[in-house]
Peer 1: 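Handing you a structure now.
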Amino acid sequence: MSSSRRQYPFHLIEPKWQAMWDEQQAFRAFNPGDEIPANHPFAQRHRISGKVSAEQLPRKFYILDMFPYPSGAGLHVGHPEGYTATDILARYKRAQGFNVLHPMGWDAFGLPAEQYAVKTGQHPRKTTEENIATFKRQIKSLGFSYDWSREIATTDPDYFKWTQRIFLKLYNSYYDPDLKKAIPIELLEDALSDNPKHQDAWQNNRYLTGRREYCMSHPNDSKGVNRPKIRDWEIQVNRLAFVTEAPVWWCEELGTVLANEEVVDGKSEVGRFPVVRKPMRQWMLRITKYAERLLQDLDTIDWTDSLKEMQRNWIGRSEGAEVDFQIAGSSEKIRVFTTRPDTLFGATYMVLAPEHRLVNQIAAAGQCDAVAKYQADVAKKSDLERTELAKEKTGVFTGAHAINPVNGEKIPIWIADYVLASYGTGAIMAVPAHDTRDFEFAQKFNLPIVQVVQPSDAKADWHGFVGDGTSVNSTGKDISITGLPTAEAKKKITAWLESKNLGRQTINYKLRDWLFSRQRYWGEPFPIVWKRDADGNLYHEALPESALPVLPPELTDYKPTATGEPPLARAKEWVNLPDGSQRETNTMPQWAGSCWYYLRYLDAKNANASVGKEPEHYWMSGKAAGVDLYVGGTEHAVLHLLYARFWHKVLFDLGYVSTPEPFFKLVNQGMVLGEDNQKMSKSRGNVIPVDVPVRDLGTDSLRLYEMFMGPLEMVKPWSTRGVEGVYRFLGRVWRLFVDEKTETEFEQAETTAANPGLELLDLIKLNPAIADTAATPGQLKTLHACIKKVTDDMEGMRFNTAISALMVFVNEAMTWEKKPVAVLRAFLVLLQPFAPHLAEELWAKLPASGNLAYAPWPKFDPALLVENEIEIPVQVNGKLRDVLKVPVDIAQSELEALAKNSEKVKPYIEGKTIKKIIIVPKKLVNIAVA
RNA sequence: GCCGGUGUGGCGAAAUGGCAGACGCACAGGACUUAAAAUCCUGGGACCUUAAAAAGUCGUGCCGGUUCGAGUCCGGCCACCGGCACCA
């Protein structure tokens, strides 16, 4: 910025108070049972010290930021937006007397450090440590009131030991559809065993007894499909963490597979590289079992509608029916999923996904070549092409036919890539009259289009009509739904299908199981080893908890091996264990560590558990169960936030946490754009690092501006001028409190002193206008209006208007000849959450004040705001004509008379009939004339 | 296409259905200064009159509605931003 005069010595004040807070551990949060030092400001505020129980501690408030990935680039001014908001609230809640937990840590596993290692050979741990150091220095320079004693990094073995342990919990649990929750796998093992020991624990469980029955129906010898094999298979497929050889998203460029959630528009979310489908042996987590609970419990938490909608869309629940179509001249059936069983009479053909298992079986001799060619064409296409070319439908006839179960008609079976193998059953009944895609397809290939739904608007065209209406042409030999409205038609036909064993009501989800392994070096190794059984078949086994943490091996080359194995496979000694077993060489995705970090903060140093029962219960339970407030960007709407909810529910089922949801209230901050109104990016050159405003104008100005820009959740552009504006405001606050003469002396001393230091600040004396005098009613009114506004806005997280209220106060207080200490002191408590360094410095200059960070929040007294005289606008037909100054308790009749007699009003009502006079007490008068 | 959000001065924005534009930026004028910076004071939606003021008219994306009164509520559009998308 320009060489303009410094508004106030923030360059001395800010480091001074940051050092002071560190030294006092001022923002340390105390757990039940912690030793609270008697001289700690928290102890003094609450008059407690020593070992204190949960009941003796004040009410808790857990306020959390999404912890950052410490990149090499450091923080830009967009980063601290959310951090500033949470810090302001943390400080506000502390002032209100809450026991505030406000932690910070590092989501430090991840791709960039590994890519840097591949390029330079520098160990990712070193890169990560350096980046953490930079991030920590920058975040600390912003003066946030974090409890640094709880700092964590997901890359720390003392942390990921527990991440690995939670994986073991997933591995050793199954989802019980009867109990609708995760249960230790031992129960399933017991239920399937030849000599169960805990029969009483599962004998009433329909699922377990069913599995047992199935298992026991197989011979208990060593030949063929025997009981031990079935038992083993049952156990493996039920685990919440399981291995599968399924087509997965492979990204050549990144050299790893990716989860569904990490693939956007057929490209990797990170780096935008192409991805292809490839069958590989991978670890998966059974998040699909939790689809219904993840959906339902959204109703119990305080998130924005848009965020909940995003999760709902991702889970993608749809109700419908599965219907079996007999293949003509075959014993096989094709099962389809439809949300519109009421349109069954209009199904004039069927479509299988090209990858459907029955395609090759049913293709008629004459069509085999065409089918094979189409399959090959589709396989070549990347998913991107498959969706991009969505405009023109393609497909081929298989030569086979199926029988429509409701009318016995023979309908052709086609294959087309508009039907996805991965959704529903991978096959559809096509109802061209009432489905846009089927309609398009039928038109292109000249397939019959039969109307079965009549729109309620008689003029509407039924061709391609997809809405609800009334069934028509829907009468068969055994069943008719003609004349029924859509909803009833669905019900009736589904019941009929069920009664004939032709189909059933069902629910489908778009959500897929979570692909949980990556071909990476810089991630948590799996606590899993592979062995071979007597027949030479590979099987996996969990390591015991005592083997944790499983540390990654030291490597010099971080690339995948020549055969495409993950980098860990290079560490032969690490992989091959003495007993002949081999370690799993995949690692966990970056999301693993962020799935539970909010729990580790509660008890960060616990060596015996991921989190202790008592701290977990103290910080997570309550009326608003879970983290009280969680603030972060929308980019995690369906990744981190879905994964973390899933893990939390598993931990809840297994009894490790006391709430079903992790985050009660969640707020997304809007993005901060560059000054050019564009997203900040290196290539655009519009990135503003936080260090620049901190150096030029100070942290308090940066914090204040971050919040003053506009509402937290809105997208808004950065403005350097705007920061200077709030900086000027802080300068005004400074001049409100200090004596100008001594400040000039300070400035001179600073320029002449050889080593200007903090002690020079003491040269600055209090403004002589500040005195221990009684406040005038006007001054009290100004103060209490400010208290009310700031307090209300804090509760609503409207920081921009809270700041403008502080500005209004200062503009007013500048004009006071005598400035009462008590009023200014209260103002500093209001200012403190926003500009803590300046507020602390000024607070220290006031006589005998105590600790500001824990000073009680001032209480608003409505009596002080009562006016004797108020201004009442007078409208005629809703248009403002006059403003009357009247006593606050004026009688309505009197007010009416005054309004009618107003010189400015008269011309508008004279000679006209007054229809009505509206008087809103203390607000306005409106005269309606004809 | 579907879902969610947002449209208000030159700019960021503010307004429990009740005086539209608080607060701030930028700008203009003035005071202080040899001068500048900083600071302090003053001004301002548009239009129309006017020497100036006062008065008046219009004004919150567009069209319509409810109401004594609409930026705010309702219906229908348009634009932009974000998410999802051949999901049967």
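Here is the naming used below: chain letters follow the sequence lines, and residue numbers restart at 1 for every chain.
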Peer 1: Would you give the length of the straight line joining atom CG of A:L831 to atom CD1 of A:I803, rounded to the nearest 0.5 angstrom?
Peer 2: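 Reported value, rounded in 0.5 Å steps: 9.5 Å.
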Peer 1: Given that A:Y509 and A:M807 both sit by RNA chain B, which one's nearest nucleotide is further toward the 5' end?
Peer 2: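 Final value for this comparison: A:M807.
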Peer 1: Is the closest basic N to carboxylate O distance between A:E706 and A:R703 below 4.0 Å?
Peer 2: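 Not counted as a salt bridge, because no side-chain N and carboxylate O are separated by less than 4.0 Å.
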Peer 1: Strictly below 4.0 Å, N to O, side chains only: are A:K741 and A:E743 in salt-bridge contact?
Peer 2: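 Salt bridge flag = no for A:E743 with A:K741.
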Peer 1: Between atom CG in A:L895 and atom P in B:G18, what is the gap in whole Å?
Peer 2: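 Nearest whole value for this atom pair: 18 Å.
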Peer 1: What nucleotide, of B:C68, B:C25, B:G18, holds the atom closest to the side chain of A:R721?
Peer 2: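 Nearest nucleotide to the side chain: B:C25.
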Peer 1: Determine the contact category for A:R732: base if any of its heavy atoms lies under 4.0 Å from a base atom, sugar-phosphate if only primed atoms, P, OP1 or OP2 are that close, otherwise nothing.
Peer 2: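 The answer is sugar-phosphate, as A:R732 gets under 4.0 Å only of primed atoms, P, OP1 or OP2.
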Peer 1: Does a nitrogen or oxygen in the side chain of A:N313 sit under 4.0 Å from OP1 or OP2 of B:A85?
Peer 2: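 Negative; the distance criterion is not met.
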Peer 1: Starting at OH of A:Y727 and ending at P of B:G12, how long is that distance when rounded to a whole Å?
Peer 2: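 About 26 Å, once rounded to whole Å.
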Peer 1: If you check every side-chain atom of A:W314, which of B:A85, B:C25, B:G18 has the closest atom?
Peer 2: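 Nearest listed nucleotide: B:A85.
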Peer 1: Looking for any heavy atom pair under 4.0 Å, which part of the strands does A:G725 touch: base, sugar-phosphate only, or nothing?
Peer 2: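 Sugar-phosphate, backbone atoms only, no base.
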Peer 1: Is the A:F708-A:F799 ring centre distance short of 6.0 angstrom?
Peer 2: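 No, too far apart.
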Peer 1: Among the candidates B:A88, B:G18, B:C86, find the nucleotide nearest to the side-chain atoms of A:Y418.
Peer 2: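 Shortest atom-to-atom distance from the side chain points to B:C86.
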Peer 1: Test for a donor-acceptor pair under 3.5 Å between the base of B:C86 and the side chain of A:K393, counting only N and O atoms.
Peer 2: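 Per atom types, the contact qualifies.
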Peer 1: May I ask you to verify if any side-chain N or O of A:K923 is less than 4.0 angstrom from the OP1 or OP2 atom of B:G18?
Peer 2: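 For B:G18, neither OP1 nor OP2 has a side-chain N or O of A:K923 closer than 4.0 Å.
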Peer 1: Provide, to the nearest angstrom, the distance between the CG atom belonging to A:N926 and the P atom belonging to B:C68.
Peer 2: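 Checked: the CG to P distance equals 10 Å.
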Peer 1: Does NZ or CZ of A:R6 lie under 6.0 Å from the centre of the six-membered ring of A:F10, at an angle within 45° of the ring axis?
Peer 2: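 Yes, a cation-pi geometry.
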Peer 1: Rounding to a whole Å, what distance do you find between A:Y8:OH and B:A38:P?
Peer 2: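 Answer to the nearest Å: 17 Å.
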Peer 1: Ignoring backbone atoms, test whether A:N677 places a side-chain nitrogen or oxygen under 4.0 Å from the OP1 or OP2 oxygen of B:G12.
Peer 2: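 Answer is no, no contact under 4.0 Å.
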Peer 1: Tell me the interatomic distance from A:L924, atom CG, to B:U67, atom C1', rounded to whole angstroms.
Peer 2: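 After rounding, the reported distance stands at 13 Å.
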Peer 1: With C1' as the reference atom in both, quote the distance from B:G65 to B:G17 in angstrom, rounded to an integer.
Peer 2: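 One C1' to the other, the span is 15 Å.
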Peer 1: In whole Å, measure the gap between the P atoms of B:A14 and B:G21 for me.
Peer 2: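 Pairwise P distance, B:A14 against B:G21, rounds to 15 Å.
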Peer 1: What distance, rounded to whole Å, do you find between the two P atoms, one in B:G64 and one in B:G83?
Peer 2: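 One P to the other, the span is 36 Å.
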Peer 1: Salt-bridge test for A:E81 and A:K716: reply yes if a basic N is under 4.0 Å from a carboxylate O, no otherwise.
Peer 2: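 Yes, charged N to carboxylate O under 4.0 Å.
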Peer 1: Decide salt bridge (charged side-chain N to carboxylate O under 4.0 Å, His left out) for A:E871 and A:K922; before the verdict, give the C-alpha distance in whole Å, the side-chain angles of both, and the deciding distance to 0.1 Å.
Peer 2: CA-CA 8 Å; A:E871 289 186 340; A:K922 297 182 191 178; over 6 Å; no
Peer 1: Quantified in whole Å, what is the C1' atom distance between nucleotide B:C48 and nucleotide B:A31?
Peer 2: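 Between the two C1' atoms, the distance is 34 Å.
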Peer 1: Would you kindly give the CG-to-C1' distance between A:L730 and B:U39, to the nearest whole Å?
Peer 2: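 Whole-Å distance recorded here is 16 Å.
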Peer 1: What distance, rounded to whole Å, do you find between the two C1' atoms, one in B:C19 and one in B:U33?
Peer 2: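 That atom pair is separated by 42 Å.
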Peer 1: Could you tell me whether the phosphate oxygens of B:C19, OP1 or OP2, come under 4.0 Å of any side-chain nitrogen or oxygen in A:R881?
Peer 2: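 Checking A:R881 against B:C19: no side-chain N or O falls below 4.0 Å of OP1 or OP2.
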Peer 1: Report which part of the nucleic acid A:T339 touches: base, sugar-phosphate, or nothing (heavy-atom distance under 4.0 Å, all strands).
Peer 2: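 Here A:T339 touches the backbone only, sparing every base.
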Peer 1: With nearest nucleotides of RNA chain B determined for A:D438 and A:V808 from heavy-atom distances, which residue corresponds to the more 5′ nucleotide?
Peer 2: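 The answer here is A:V808.
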Peer 1: Of the residues in residues 301-312 of chain A, which ones touch RNA chain B at a heavy-atom distance under 4.0 Å?
Peer 2: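 Here the set is A:S306, A:E309, A:M310.
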Peer 1: Establish, with yes or no, whether the OP1 or OP2 oxygen of B:A88 is under 4.0 angstrom from a side-chain nitrogen or oxygen of A:S318.
Peer 2: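 For A:S318, the contact criterion (side-chain N or O under 4.0 Å from OP1 or OP2 of B:A88) is met.
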Peer 1: A:R728 side chain N/O closer than 4.0 Å to the phosphate oxygens (OP1, OP2) of B:C25?
Peer 2: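 True: A:R728 side-chain N/O within range (under 4.0 Å) of B:C25 OP1/OP2.
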Peer 1: So, taking the atom named OG1 in A:T398 and the one named NE2 in A:H356, what distance separates them when rounded to the nearest 0.5 Å?
Peer 2: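 One gets 11.5 Å once the value is rounded to the nearest 0.5 Å.
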Peer 1: What distance, rounded to whole Å, do you find between the two P atoms, one in B:U16 and one in B:C73?
Peer 2: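 Per the computed distance, 11 Å lies between those P atoms.
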Peer 1: Over how many whole Å does the gap from A:H356 atom NE2 to B:A88 atom P extend?
Peer 2: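 Taking atom P of B:A88 as the reference, NE2 of A:H356 is at 17 Å.
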Peer 1: Flag the pair A:D324 and A:R335 as a salt bridge only when some basic side-chain nitrogen lies within less than 4.0 angstrom of an acidic carboxylate oxygen.
Peer 2: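 Looking at A:R335 together with A:D324, the answer is yes, because their closest N to O distance falls below 4.0 Å.
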Peer 1: Measuring from A:K900:NZ to A:I914:CD1, what's the distance to the nearest 0.5 Å?
Peer 2: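 CD1 of A:I914 is found 5.0 Å from NZ of A:K900.
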Peer 1: At what distance, to the nearest 0.5 angstrom, does NZ of A:K788 lie from NE2 of A:H784?
Peer 2: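 Going from the NZ atom of A:K788 to the NE2 atom of A:H784 covers 12.5 Å.
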Peer 1: Could you give the distance separating B:C32 and B:C80 at their C1' atoms, to the nearest angstrom?
Peer 2: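 Each nucleotide's C1' atom is 48 Å from the other's.
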Peer 1: Does a nitrogen or oxygen in the side chain of A:Y908 sit under 4.0 Å from OP1 or OP2 of B:G56?
Peer 2: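 Yes.
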Peer 1: Could you check whether A:N508 gets within reach of a base, just the sugar-phosphate, or nothing at all, counting any heavy atom under 4.0 Å?
Peer 2: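 Contact class for A:N508: none.
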Peer 1: Convert the base pairs of RNA chain B into dot-bracket notation, remembering that pairs crossing earlier ones are written with [ ] and that bases paired across to another strand are shown as |; include only Watson-Crick or G-U pairs under 3.5 Å.
Peer 2: (((((((..(((.....[....))).(((((.......))))).(((........)))..(((((..]....))))))))))))....
Peer 1: Classify A:M671 by what it touches in the nucleic acid, base, sugar-phosphate, or nothing, heavy-atom distance under 4.0 Å.
Peer 2: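 Result for A:M671 = nothing.
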Peer 1: Between B:C23, B:C40, B:A14, which nucleotide has the shortest distance from any of its atoms to the side chain of A:R735?
Peer 2: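 Looking only at heavy atoms from C-beta outward on A:R735, the closest nucleotide is B:C40.
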Peer 1: From C-beta outward on A:K716, which listed nucleotide comes closest to its side chain: B:A88, B:G24, B:G12?
Peer 2: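 For A:K716, the side-chain atoms sit closest to B:G12.
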Peer 1: When all nucleic acid strands are considered with a 4.0 Å heavy-atom cut-off, which category describes A:E713: base, sugar-phosphate, or nothing?
Peer 2: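 Counting heavy atoms under 4.0 Å across all strands, no contact is made by A:E713.
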Peer 1: Counting side-chain heavy atoms from CB outward, which of B:G18, B:C68, B:A14 is closest to A:K916?
Peer 2: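 From the listed options, B:C68 comes nearest.
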Peer 1: Could you check A:L344, A:I334, A:N404, A:T425 and say which one makes a side-chain contact (heavy atoms from CB on, under 4.5 Å) with A:V323?
Peer 2: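 It is A:L344, the one option of A:L344, A:I334, A:N404, A:T425 that forms the side-chain contact (heavy atoms from CB on, under 4.5 Å) with A:V323.
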Peer 1: Indicate syn or anti for B:G9, taking the glycosidic torsion and treating anything within 90° of 0 as syn.
Peer 2: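 Syn.
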Peer 1: Could you state the atom-to-atom distance from CD of A:E724 to P of B:U39 in whole Å?
Peer 2: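 The distance from CD of A:E724 to P of B:U39 comes to 10 Å, rounded to the nearest Å.
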Peer 1: Under 4.5 Å between any side-chain heavy atoms of A:N877 and A:V929, yes or no?
Peer 2: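 Sidechains of A:V929 and A:N877: in contact.
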Peer 1: Expressed as a whole number of Å, how far does the P atom of B:A88 sit from that of B:C78?
Peer 2: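 So the two P atoms sit 26 Å from each other.
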Peer 1: Given B:A88, B:C23, B:C58, which nucleotide is nearest the side-chain atoms of A:K879?
Peer 2: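 So the side chain of A:K879 is nearest to B:C58.
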